[in-house]
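Worksheet: one structure, shown below.
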Amino acid sequence: MTIRQTSLSSLSASRPRLAIPLGDPAGIGPEVILKALRARDWSAIAAITVLGTRSLLHQALGALQQSLYAGPLPNLDSLDFVDIAPPLSLETVTFGQASAATGAASFAYLQAAIEGAVAGQYDAIVTGPIAKSAWKAAGHHYPGQTELLAEGAGCDRFGMAFVAQSPHTGWWLRALLATTHIPLRQVPEVLTPALLTQKLDLLVHSLKQDFGLTQPRIAVAGLNPHSGEGGQLGREEVDWLIPWLEVQRQRYPQVQLDGPIPPDTMWVRPGQAWFGTEGRALETAHDAYLALYHDQGLIPVKLMAFDRAVNTTVGLPFVRTSPDHGTAFDIAGQGIADANSMVAAMEVAVAVMNSRR
Ligand SMILES: NC(=O)C1=CN([C@@H]2O[C@H](COP(=O)(O)OP(=O)(O)OC[C@H]3O[C@@H](n4cnc5c(N)ncnc54)[C@H](O)[C@@H]3O)[C@@H](O)[C@H]2O)C=CC1
Ligand SMILES: NCC(=O)COP(=O)(O)O
């Protein structure tokens, strides 16, 4: 596998301290982290600490060495590593088989990273993927890592955003999800003007703080097909989304707020800007997209950028990024996982940290 490096002009010589919890040891987290650690010379731009169970990382390394993977791998002896004993008995793992024990382990790794970040030992956390079902089996009822991070940081306003830089055009795709891990049928009730205001505030702040965009252009999706077609296909747009947008335009005169944009067509221009198929799209695509629910945002993001998109948690007192993919239990232990999204997650963490300084 060839690692493609994301070019980030804002990477600087200062060295943010990155904590990298391994994620679920039965998934591809340890593998993509091992590959990512040798994808470039990180020592020039970051100080990296990996958190996990040493014997399990050795097991993942052994599996990689036995696989067809022929790329460079790190020397574990020279790694800055925090060795965490698994809370439930776990001497070895069977790749692809998550359990209460692997869930308890990935939970403990993330908890240790959060404690370190809150104590000021780390500037950023780049998380390996976990399985929410394994956390649940271990008795941890969180919808995902985002909510544990927010709780640990004492933060009740936070958001899930994805960013990726096009390898074709250099254009940056940014999308924030207004709602995340809830059943689809709950979306219309959970999605309120107050919630959307909170998410827009987080997005505007992050665009300025993390990306230096002080006059961003933001597109807001409608909820219903064709944004409700004047109330004929759903009433949320006419009942509150259009009036809400008017209020927000008054609140944010420096922001160009477009919407509600029919959710299907909203992604045409980003697709053109991403793939470079329509020259004007690079100028006319928005700086960021506010999607109203998980799959409205993540289907297009993953279609365009599954190999390199980065999940970020906005609103925390420290930086958090993650690859966009999950534990990929179907290929764990085979050596074939693509580490580019993990590399991008580490690079974006460094760039955002430098932008905040
Ligand atoms: N940040 C996180 O911790 C995330 C965790 N998850 C969790 O991961 C578990 C599995 O979720 P899925 O929906 O199956 O998504 P997934 O991303 O784990 O896998 C989807 C498909 O993409 C492939 N794939 C994923 N990453 C890959 C990589 N780096 N290289 C090559 N192929 C790759 C997999 O083999 C699979 O066919 C779930 O428990 C989910 O909750 C999912 C997304 C993010
Ligand atoms: N679909 C995105 C995702 O599952 C990320 O979850 P989290 O563990 O980062 O909260």
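Start at 1 and go down the list; that is how both ligands and their atoms are numbered.
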Does the Lys NZ or Arg CZ of Lys199 fall within the cation-pi geometry relative to Phe158 - under 6.0 Å from the ring centre and within 45° of the axis?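 Judged by the rule (NZ or CZ under 6.0 Å from the ring centre, within 45° of its axis), Lys199 counts as positioned above Phe158.
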
cation_pi(Lys35, Tyr69) dist<6.0 Å, angle<=45: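 The answer is yes; both the distance and angle limits are met.
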
What atoms of ligand 2 come within less than 4.0 Å of a heavy atom belonging to [X]?
X      : answer
Thr146 : 7 (P), 9 (O), 10 (O)
Gly144 : 8 (O), 10 (O)
Asn311 : 5 (C), 9 (O)
His294 : 1 (N), 2 (C)

Taking side-chain contact (heavy atoms from CB on, under 4.5 Å) as the criterion, tell me which of Val50, Leu79, Leu61 meets it with Leu34.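 Exactly one candidate clears the test, Leu61.
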
Side chain, backbone, both or neither: which part of [X] has a heavy atom under 4.0 Å from ligand 2?
X      : result
Asp324 : neither
Arg320 : side chain
Thr180 : neither

Looking only at distance, does Lys302 have an N or O less than 3.5 Å from an N or O of ligand 2?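 Not met; the criterion fails.
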
Answer with yes or no after comparing the ring centroid distance for Phe329 and Phe95 against a 6.0 Å cut-off, counting only values under it.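 So the answer is no for these two rings.
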
Quick check for students: name every N or O atom pair between ligand 1 and the protein closer than 3.5 Å, with distances.
from: ligand 1; atom 1: 1 (N); to: Ser322; atom 2: OG; distance (Å): 3.4
from: ligand 1; atom 1: 3 (O); to: Ile130; atom 2: N; distance (Å): 3.0
from: ligand 1; atom 1: 3 (O); to: Gln145; atom 2: NE2; distance (Å): 3.0
from: ligand 1; atom 1: 8 (O); to: Thr327; atom 2: N; distance (Å): 3.1
from: ligand 1; atom 1: 8 (O); to: Thr327; atom 2: OG1; distance (Å): 3.3
from: ligand 1; atom 1: 17 (O); to: Gly326; atom 2: N; distance (Å): 2.7
from: ligand 1; atom 1: 18 (O); to: Gly326; atom 2: N; distance (Å): 3.4
from: ligand 1; atom 1: 18 (O); to: Thr327; atom 2: N; distance (Å): 3.2
from: ligand 1; atom 1: 18 (O); to: Ala328; atom 2: N; distance (Å): 2.8
from: ligand 1; atom 1: 29 (N); to: His325; atom 2: NE2; distance (Å): 3.4
from: ligand 1; atom 1: 29 (N); to: Asp338; atom 2: O; distance (Å): 2.8
from: ligand 1; atom 1: 30 (N); to: Asp338; atom 2: N; distance (Å): 2.8
from: ligand 1; atom 1: 35 (O); to: Asp330; atom 2: OD1; distance (Å): 2.8
from: ligand 1; atom 1: 35 (O); to: Asp330; atom 2: OD2; distance (Å): 3.0
from: ligand 1; atom 1: 37 (O); to: Asp330; atom 2: OD2; distance (Å): 3.0
from: ligand 1; atom 1: 41 (O); to: Lys132; atom 2: NZ; distance (Å): 3.3

Best match, Glu147, His181, Gln145: closest heavy atom to atom 3 (C) of ligand 2: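 Residue with the shortest heavy-atom distance to the ligand atom: His181.
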
Does anything in residues 237-273 pair up under ring pair (Phe, Tyr, Trp, His ring centres under 6.0 Å), and if so which pairs, sequence neighbours excluded?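 Applying ring pair (Phe, Tyr, Trp, His ring centres under 6.0 Å) to every pair that reaches into residues 237-273, excluding sequence neighbours, yields Trp267-Tyr289.
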
